[in-house]
Amino acid sequence: MSEAEASKQLLHLVFGGELENPDGLTFRDLDDLDIVGIYPNYAEAYTAWKAKAQATVDNAHMRYFIVHMHRLLDPDTAG
């Protein structure tokens, strides 16, 4: 792997919110989404996601997600 490939940012967004139904993906209130942050790699995003998910474990309707932004920004690139 080249140095450019090793240092390439693979941005990930962590966000969450309360779902209408725990089995679905429809949020109750889009204005109340929790945008946790954007992270330069999956490992850091996973750490943030896990902390938020564990902090809200008592609310069955609350879900947090990791979005692979780098795949949206450059869909032709693997990674």
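Throughout, residue positions are numbered sequentially from 1 according to the sequence presented. Just so it is clear, the values below take in all heavy atoms, side chains as well, and ignore hydrogens, waters and symmetry mates.
Electrostatic pairing of R28 and E18 counts as a salt bridge here, judged by a charged N lying under 4.0 Å from a carboxylate O.
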Practice problem: Evaluate side-chain contact (heavy atoms from CB on, under 4.5 Å) for Y42 paired with L10, printing each intermediate quantity in order. | Solution: CA-CA 7 Å; Y42 182 81; L10 299 178; over 6 Å; no

Practice problem: Kindly determine whether N41 and L11 satisfy side-chain contact (heavy atoms from CB on, under 4.5 Å), including the steps that lead there. | Solution: CA-CA 6 Å; N41 56 56; L11 299 177; over 6 Å; no

Practice problem: Please lay out, stage by stage, how T56 and D34 fare under the test side-chain contact (heavy atoms from CB on, under 4.5 Å). | Solution: CA-CA 12 Å; T56 59; D34 181 11; over 6 Å; no

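Atoms CG and CG, from L19 and L25 in turn, are 6.5 Å apart once rounded to the nearest 0.5 Å. In this structure, the separation between CD1 on I38 and CE on M69 is 4.0 Å, given to the nearest 0.5 Å. Of the inter-residue distances, the one linking H70 atom NE2 with H12 atom NE2 reads 3.5 Å to the nearest 0.5 angstrom. A distance of 13.0 Å separates NE2 in H68 from CG in L73, rounded to the nearest 0.5 Å.
Each of L33 and M62 belongs to its own hydrophobic cluster when Ile, Leu, Val, Met, Phe, Trp and Tyr are linked at side-chain heavy-atom distances under 4.5 angstrom. No single ILVMFWY cluster, assembled from side-chain heavy atoms under 4.5 Å apart, contains both Y64 and V57.
Scanning both residues, P22 and A60, for their nearest heavy atoms gives CB-O, 3.7 Å. Between A48 and Y39 the shortest heavy-atom distance is CB-OH, 3.3 Å. Across all their heavy atoms, Y46 and I66 have their closest contact at CA-CD1, 3.8 Å.
Using a 4.5 Å heavy-atom cutoff, the side chains of V36 and W49 are not in contact. The shortest side-chain heavy-atom distance between V14 and V67 does not fall under the 4.5 Å cut-off.
Remark: aromatic rings of F65 and F15 are close, center separation under 6.0 Å.
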